[in-house]
Amino acid sequence: MMNSDNNGRFKRFLAAIIGFGAISVFAQDGGISAGDTAWILVATALVLFMNIPGLALFYGGLVRKKNVLSVLMQCFVLTAVMTVLWTVVGYSLAFSGTGMSEGEVNLRSFVGGLDLMMLKGVTPDTPADNIPKLLHFVFQMTFFIITPALMVGAFVDRIKFSAVLWFTILWNLLVYAPVCHMVWGGAGGYFADMGVQDFAGGIVVHITAGVGALVACIVLGPRNGYPKKPMPPHNLPMTVMGAAMLWVGWFGFNGGSQLAADGGAASAIVVTQISAATATLAWMFIEWAKFGKPSMLGAATGSIAGLAAITPASGTVGPIGALVIGAMSGTICWWASTVLKQKLKYDDSLDVFGVHGVGGFIGTVMLAFLMSEELGGVGYGEGVTVRSQFGVQLFAAVATAVYTAIVSFIILKIVCAVVGLRVSEAEENEGLDLAYHGEEAYND
Amino acid sequence: MMNSDNNGRFKRFLAAIIGFGAISVFAQDGGISAGDTAWILVATALVLFMNIPGLALFYGGLVRKKNVLSVLMQCFVLTAVMTVLWTVVGYSLAFSGTGMSEGEVNLRSFVGGLDLMMLKGVTPDTPADNIPKLLHFVFQMTFFIITPALMVGAFVDRIKFSAVLWFTILWNLLVYAPVCHMVWGGAGGYFADMGVQDFAGGIVVHITAGVGALVACIVLGPRNGYPKKPMPPHNLPMTVMGAAMLWVGWFGFNGGSQLAADGGAASAIVVTQISAATATLAWMFIEWAKFGKPSMLGAATGSIAGLAAITPASGTVGPIGALVIGAMSGTICWWASTVLKQKLKYDDSLDVFGVHGVGGFIGTVMLAFLMSEELGGVGYGEGVTVRSQFGVQLFAAVATAVYTAIVSFIILKIVCAVVGLRVSEAEENEGLDLAYHGEEAYND
Amino acid sequence: MMNSDNNGRFKRFLAAIIGFGAISVFAQDGGISAGDTAWILVATALVLFMNIPGLALFYGGLVRKKNVLSVLMQCFVLTAVMTVLWTVVGYSLAFSGTGMSEGEVNLRSFVGGLDLMMLKGVTPDTPADNIPKLLHFVFQMTFFIITPALMVGAFVDRIKFSAVLWFTILWNLLVYAPVCHMVWGGAGGYFADMGVQDFAGGIVVHITAGVGALVACIVLGPRNGYPKKPMPPHNLPMTVMGAAMLWVGWFGFNGGSQLAADGGAASAIVVTQISAATATLAWMFIEWAKFGKPSMLGAATGSIAGLAAITPASGTVGPIGALVIGAMSGTICWWASTVLKQKLKYDDSLDVFGVHGVGGFIGTVMLAFLMSEELGGVGYGEGVTVRSQFGVQLFAAVATAVYTAIVSFIILKIVCAVVGLRVSEAEENEGLDLAYHGEEAYND
Amino acid sequence: MKKIEAIIKPFKLEEVRDALSEVGVVGMSVSEVKGFGRQKGHTEIYRGSEYTVDFLPKIKIETVVSDDKVDAVIEAIASAAKTGKIGDGKIFVLPVGNAIRIRTDEKGEEAI
Amino acid sequence: MKKIEAIIKPFKLEEVRDALSEVGVVGMSVSEVKGFGRQKGHTEIYRGSEYTVDFLPKIKIETVVSDDKVDAVIEAIASAAKTGKIGDGKIFVLPVGNAIRIRTDEKGEEAI
Amino acid sequence: MKKIEAIIKPFKLEEVRDALSEVGVVGMSVSEVKGFGRQKGHTEIYRGSEYTVDFLPKIKIETVVSDDKVDAVIEAIASAAKTGKIGDGKIFVLPVGNAIRIRTDEKGEEAI
Ligand SMILES: Nc1ncnc2c1ncn2[C@@H]1O[C@H](COP(=O)(O)OP(=O)(O)O)[C@@H](O)[C@H]1O
Ligand SMILES: Nc1ncnc2c1ncn2[C@@H]1O[C@H](COP(=O)(O)OP(=O)(O)O)[C@@H](O)[C@H]1O
Ligand SMILES: Nc1ncnc2c1ncn2[C@@H]1O[C@H](COP(=O)(O)OP(=O)(O)O)[C@@H](O)[C@H]1O
């Protein structure tokens with residue numbers, strides 16, 4: 001995903017330097033392209049669709065019957081809250097380019113200004129290169145919604161609803177917005193100026209969400225009875241449905257991040273599809289080999305791992321790179337979500353860290369190798385080597401993880417002090433649906 | 001949504017008068033734009049998706065287990081029936097412009113002629129301005145399908161299947177088609193000539209459906225045991241899934257009504273998103289304040305109220321307008337669906353009137369204020385004041401409501417006389433799935 | 001659907017000969033059209049959506065509770081496996097045009113070469129006429145995924161998971177790829193050169209899948225206890241949801257097969273909608289007349305029959321043709337799935353043959369009559385008569401059916417010898433979810 | 001003490017519960033059962049496969065009461081659950097040896 | 001009168017019902033239970049969390065019959081439900097004090 | 001032989017099962033019931049329609065044991081299921097005439 005301000009420039013740069021010429025015919029003339037606009041309108045709908053119903057169902061099916069509504073509610077209400085927050089101030093913090101200048105590190109390298117609050121000055125005919133600025137705004141909004149929603153999986157079954165709201169609001173302002181700005185905020189952004197490659201959000205979305213989730217589940221503590229008490233998914237078909245919707249919606253997430261309807265968008269969905277498929281198969285074969293039975297939950301989880309991992313790389317690698325990233329993420333995320341988690345004994349209930357955190361990390365660093373032209377990638381920029389690119393990727397990934405961990409921890413402590421984080425034991429036994437929302441999911 | 005015949009003109013008018021220039025580069029040259037066509041192809045799919053599976057699931061989850069198939073069946077078969085009806089005669093009645101002339105009130109101001117029956121003379125290369133006429137036909141068809149399907153929520157659990165078919169067929173011919181023609185039928189249309197603003201169907205869709213539903217549920221009478229007997233939703237996750245699909249699909253409903261992939265379409269989905277979000281939060285906070293627990297059903301219902309309310313205004317208001325409409329609809333529709341309904345004791349089972357009727361009304365009249373340029377709207381046409389616009393909006397809304405109420409009542413009486421409206425008490429106890437469709441939804 | 005290599009030519013041919021001029025303005029200038037690309041990006045997502053979650057849910061709801069995950073797993077993992085297979089070799093076998101020459105019958109008339117393996121030489125800016133070649137690749141991939149997945153319905157409840165994988169992999173290489181090549185592989189393709197019309201896959205998708213499914217269910221034998229033991233669908237709302245998703249996704253299947261966002265695509269979705277609707281009503285009225293109660297399952301099945309049947313004809317017939325094909329398929333597929341199946345006593349569990357095989361056949365042969373200009377179709381090519389077209393259609397349909405039957409039978413025998421086809425009786429009693437995947441779908 | 005098991009039509013549950021409350025029954029457990037009896041089932045047809053559903057949904061109510069209440073309880077259930085149509089259900093009376101309230105370890109009639 | 005409670009394997013339900021019909025049992029109620037016994041459960045693994053499912057799905061059939069039918073009924077159920085493999089289930093016989101048909105107020109053996 | 005029926009709070013199932021195993025009970029059947037008793041239900045509000053849910057989810061455990069085990073079993077269940085809060089549930093003891101193991105046709109105490 002590219003910032004609206006340097007999108008055109010970046011494309012021309014790519015076209016010039018690395019022969020990546022499949023740019024839609026109207027992107028260059030400065031006007032708004034109906035074709036590009038059509039695609040990003042749809043991509044926006046697809047990413048919203050990933051969150052509700054996609055992610056909500058994926059997570060909802062995995063919890064116990066008594067907590068399913070609480071999970072759906074969190075995904076649903078985060079959609080609403082983050083929409084308002086993005087409109088009021090989030091977009092400005094993430095994408096205002098005022099005060100930035102390429103190569104110079106100042107406050108605006110880390111976070112945007114406030115001049116775009118409430119979309120000041122933006123009308124339907126304000127362009128962001130080839131598409132309307134309002135479309136850039138709403139497409140990016142869907143990322144601002146889904147990133148905190150991903151974290152929901154780590155604290156299901158035991159967190160107060162009000163704590164979810166406070167935590168995610170503060171987190172989106174203090175973690176998501178600045179990281180997004182550093183990577184996608186345009187020339188002058190801290191990571192952008194280093195030449196970091198994060199096409200659709202390996203760092204911005206998956207590493208931040210994965211690390212935030214890990215910290216949250218550690219601070220919250222494990223569910224009552226975990227890991228002794230069995231807590232099987234109450235409705236796996238619901239989870240599979242959600243996974244499938246995430247998969248389909250990811251075409252909008254990655255393909256839309258090209259911000260144009262061209263060969264780059266097509267390439268993004270091709271590698272997305274290949275990585276998802278390969279990771280699905282990797283996870284499946286591991287289970288088949290190890291337990292004798294490949295599970296549906298495993299295959300579905302594998303697909304999400306492959307999708308998360310290809311996200312940062314979907315603009316830079318080709319089919320071979322996608323096969324490698326898919327296979328690696330299917331394998332390593334499996335290991336992280338099962339072996340590692342059990343060893344370290346944290347209760348990341350729905351494996352947000354193991355799947356998104358680890359997957360996002362894999363894609364972010366591996367793309368340094370796989371973007372090479374010999375492997376079908378777009379190749380390196382002028383003066384960039386695989387080594388230097390790798391260094392930048394690693395630095396940005398690790399720095400983001402550390403920053404996210406620290407800030408998440410502080411926010412959680414504050415929220416804990418103010419409204420409390422964890423439900424009472426009686427409420428946990430009763431289930432959050434009744435205790436916090438006064439409803440039951442299924443009635444006769 | 002604009003009539004195909006005056007769409008281009010209206011856009012140029014807007015562009016000239018109010019600086020609404022973000023029109024896709026190819027809309028003006030008279031040819032068919034691939035970009036605009038791409039978007040409307042998708043928008044058509046999105047609106048169909050709203051109805052099946054979206055609305056079907058939203059309603060299906062809210063009824064008792066024994067009636068869920070009857071609700072799905074009504075939504076599904078209405079899709080089929082209205083497709084054929086629209087092809088045979090509906091499109092012509094709604095959109096034939098023959099015999100209309102701006103400023104003149106004649107029969108054709110109220111209903112279209114029959115010259116477009118069975119799409120006479122329309123081939124794949126017949127344009128409707130910037131898109132193929134066949135696409136205009138099928139996009140509008142989805143509105144003809146979903147409007148009567150919305151009414152299903154008012155008469156669940158107790159209506160004969162045959163009565164649903166007869167009522168909706170007659171209603172679509174006698175209510176939907178003429179109202180649609182008066183608003184969107186082009187210059188010379190009764191309401192259009194007054195300068196009514198109804199971008200995507202506040203009057204045409206939501207007021208007609210809401211009022212029709214209210215009349216139907218009153219004529220039918222309440223469900224057996226209502227309101228004493230508890231009739232909790234049998235599957236709330238199904239309802240949430242449906243609400244989420246409606247939300248996503250609404251991007252096609254409102255964004256597609258621009259009939260182009262441009263800044264206007266982007267603006268429509270931005271305000272749609274903001275209004276849905278704000279209404280969700282409003283409904284949630286009311287419940288939180290009043291009952292101590294915000295419910296998932298409340299949040300989902302709030303989102304639909306916000307979506308219904310922004311519909312007529314989604315081409316004319318900006319983000320501020322959307323916030324206001326969202327907050328108002330979340331609050332007032334909550335009141336209408338709970339307090340008012342209980343006071344007046346009608347059994348509008350799934351709150352079609354409280355949500356769609358009231359929501360559509362709010363958006364229709366409020367846009368007169370919120371379209372002002374100071375509030376980020378498109379501004380008023382030449383010679384139009386907020387007062388005059390408000391008068392037109394109010395007149396059209398009320399006239400449509402009265403017309404709909406009377407005609408719905410007459411149709412219901414006729415249908416009652418011919419095939420009967422209400423199932424027997426034994427059938428109501430047994431459930432409509434078995435009694436009318438010979439099936440059970442869930443088996444072991 | 002047209003081969004990328006002769007798509008432009010074919011369109012110009014059509015435009016010249018039969019006045020089918022509604023071609024998007026940029027399709028002709030040789031460059032990549034953003035508008036067309038936008039639409040095919042979305043159509044790709046829609047066809048993927050048809051398979052997961054659409055088809056998976058449609059089938060999953062129809063089986064018993066103990067087998068639902070096995071069905072979802074098969075649809076899900078086929079998506080992954082076929083993605084890799086298509087990338088490695090499938091696309092090349094189906095769409096490599098090397099060595100083909102119009103009017104000459106050689107090996108390459110039947111199957112493509114290996115030069116496009118692993119997308120060799122294809123970059124984001126390689127065009128396939130008006131869209132990126134990568135997009136042609138991934139759009140066609142979704143057909144390669146869904147065709148074998150359709151067959152899953154015939155062997156549910158009793159087939160080994162490994163057998164599904166082996167059977168479908170070999171089948172896709174030996175049946176799907178060559179048939180696809182003969183029809184859509186471009187000038188020089190065996191059926192293409194005869195002038196066969198198969199717009200979106202009546203022969204390529206539905207006849208192959210239907211016949212393959214029939215052979216498979218006969219070789220496998222009926223489910224334990226069939227037909228005496230009742231095996232009602234465990235979750236009909238799930239099936240209805242799946243059917244609705246298939247319906248919506250089919251807009252991408254048929255509309256996308258135009259490979260452009262133009263009047264042809266609009267026409268395809270119009271006839272798709274009309275045929276689905278008419279078939280739904282036909283099936284419903286038959287049940288209503290015969291049993292006194294129209295069932296939801298019947299209506300949903302009818303819609304799929306109508307969608308399958310219009311598929312080959314969706315680029316050539318008009319609304320009248322769609323009404324005829326819809327009515328015929330609703331009626332004849334009903335007969336095939338109920339009367340015929342019971343008479344012949346094969347256990348095509350979810351009626352893949354009765355719906356897809358028979359539906360695909362109806363559309364394929366009927367289009368010869370209905371494409372006539374008098375009936376609103378595109379008319380016949382130069383020197384083509386209804387009789388000659390009918391002969392070609394019938395020949396291609398029957399030849400494909402015979403070829404598919406023979407090859408499917410041989411593959412099944414091989415798979416049976418190598419890994420075995422059928423689960424043990426104990427496993428069938430226990431359910432495949434536990435026996436093969438170690439999971440249960442629903443837990444408390 | 002006796003255990004009263006009543007099989008009733010599902011839509012009668014609320015009425016029966018109210019009737020029981022009136023005769024002083026403060027505890028009961030309710031479950032869904034499928035009933036097979038004189039009441040004919042119906043036919044369901046799934047894509048032409050017709051089959052008879054003999055098992056009809058019923059509600060089973062179980063309540064343990066002291067011996068002196070048995071007749072009143074039977075009377076209360078029977079009159080609340082009656083529709084007069086076939087399939088109304090049955091009431092069975094079973095002997096109970098002992099009862100224990102888990103919370104307090106009370107035993108016998110104290111416990112119910 | 002006796003109440004016969006049989007716990008059987010789910011897929012044997014139709015056979016048992018038919019066997020009961022043959023020995024003249026016209027009424028019964030059926031419910032789903034989870035059974036715990038000698039039959040070993042299985043292991044399910046969800047993302048690496050392995051746990052043992054000890055409770056297996058079983059069907060409980062309850063039917064009240066006159067004393068003279070008890071043996072025939074037991075015999076009918078046992079032979080229809082038998083697979084010879086572990087987990088086939090149990091039959092229990094419980095005394096019944098009285099039975100009432102709600103529809104008609106018939107009492108005792110008339111009612112069953 | 002006696003049949004022990006225990007109504008307990010759902011989240012206590014694993015503990016009760018373990019307690020039963022310890023006193024040598026190897027077989028039992030478990031089902032979901034809705035319980036009505038002294039424990040107050042809660043209120044649910046759906047779009048303003050408020051209604052009281054009196055029936056709370058409970059688990060019913062049924063196990064047939066030999067007479068000499070009855071007290072130990074009651075004791076085991078009671079102590080494992082106790083939370084001391086209202087709604088903990090009940091244990092009922094019913095006489096059993098006979099038991100049959102379907103697999104082997106064993107009868108009486110052999111069978112349980
Ligand atoms: N002998 C029996 N033992 C146990 N349950 C019975 C018996 N007979 C009937 N039932 C239950 O009572 C229900 C109603 O019985 P049925 O014979 O259909 O009608 P009626 O109660 O009017 O005679 C049955 O569905 C079944 O659940
Ligand atoms: N003592 C018992 N009391 C009640 N139900 C029992 C008892 N023993 C077994 N059961 C039920 O019978 C089922 C089968 O018992 P099990 O010991 O597994 O095999 P088998 O019947 O072959 O000895 C169990 O799953 C349980 O539902
Ligand atoms: N007389 C009774 N007969 C059968 N079941 C009962 C009876 N009384 C209570 N129960 C069951 O026991 C459960 C707990 O009883 P309740 O009165 O709520 O609390 P407690 O057991 O603490 O006295 C009830 O929900 C119901 O399922």
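Here is the naming used below: chain letters follow the sequence lines, and residue numbers restart at 1 for every chain. Worth knowing before you read on, the calculation uses all heavy atoms, side chains too, and leaves out hydrogens, waters and symmetry mates.
Contact of F/K34 with chain D is made through backbone and side chain together, with heavy-atom distances under 4.5 Å. The part of D/S21 that comes within reach of chain F is its side chain, from C-beta onward, which places non-hydrogen atoms under 4.5 angstrom from that chain. Interface residue D/L13: only side-chain heavy atoms are found under 4.5 Å from chain F. Only the side chain of F/I74 comes within contact range of chain D, with at least one heavy atom under 4.5 Å from a heavy atom of that chain. For F/E32, the part sitting under 4.5 Å from any heavy atom of chain D is the backbone (N, CA, C, O) and nothing else. The part of D/E62 that comes within reach of chain F is its side chain, from C-beta onward, which places non-hydrogen atoms under 4.5 angstrom from that chain. Of the atoms belonging to F/K60, it is side-chain heavy atoms, and not backbone ones, that fall under 4.5 Å from chain D. For a residue to count as touching a neighbouring chain, one of its non-hydrogen atoms must lie under 4.5 Å from one of that chain's; by this rule D/I112 touches chain F with backbone and side chain alike. For F/F92, the parts sitting under 4.5 Å from any heavy atom of chain D are the backbone and the side chain alike. At a 4.5 Å heavy-atom cutoff, F/I4 makes no contact with chain D through either its backbone or its side chain.
For the pair F/K90 (side chain) and D/A99 (backbone), a donor-acceptor distance under 3.5 Å is absent.
Using a 4.5 Å heavy-atom threshold, the side chains of D/R17 and F/D54 count as touching. Put simply, the side chain of D/R103 does not reach to within 4.5 Å of the side chain of F/Q39, judged on heavy atoms.
How far CZ of D/R101 is from CD1 of F/I86: 8.0 Å, rounded to the nearest 0.5 Å. D/K107 NZ to F/I91 CD1: the interatomic distance, rounded to the nearest 0.5 Å, is 8.0 Å.
In this structure, D/P95 and F/P95 approach most closely via the heavy-atom pair O-CD, 3.4 Å. Annotation for F/A78 and D/D105: closest pair CB-OD1, 3.9 Å, computed over non-hydrogen atoms. Minimum heavy-atom separation, F/I8 to D/I102: CG2-CD1, 3.9 Å.
Among D/I100, D/T104, D/V64, the residue with the largest count of heavy-atom pairs under 4.5 Å with chain F is D/I100. Comparing F/E75, F/K2, F/K58, F/E5 by how many heavy-atom pairs each has under 4.5 Å with chain D, the most go to F/E5.
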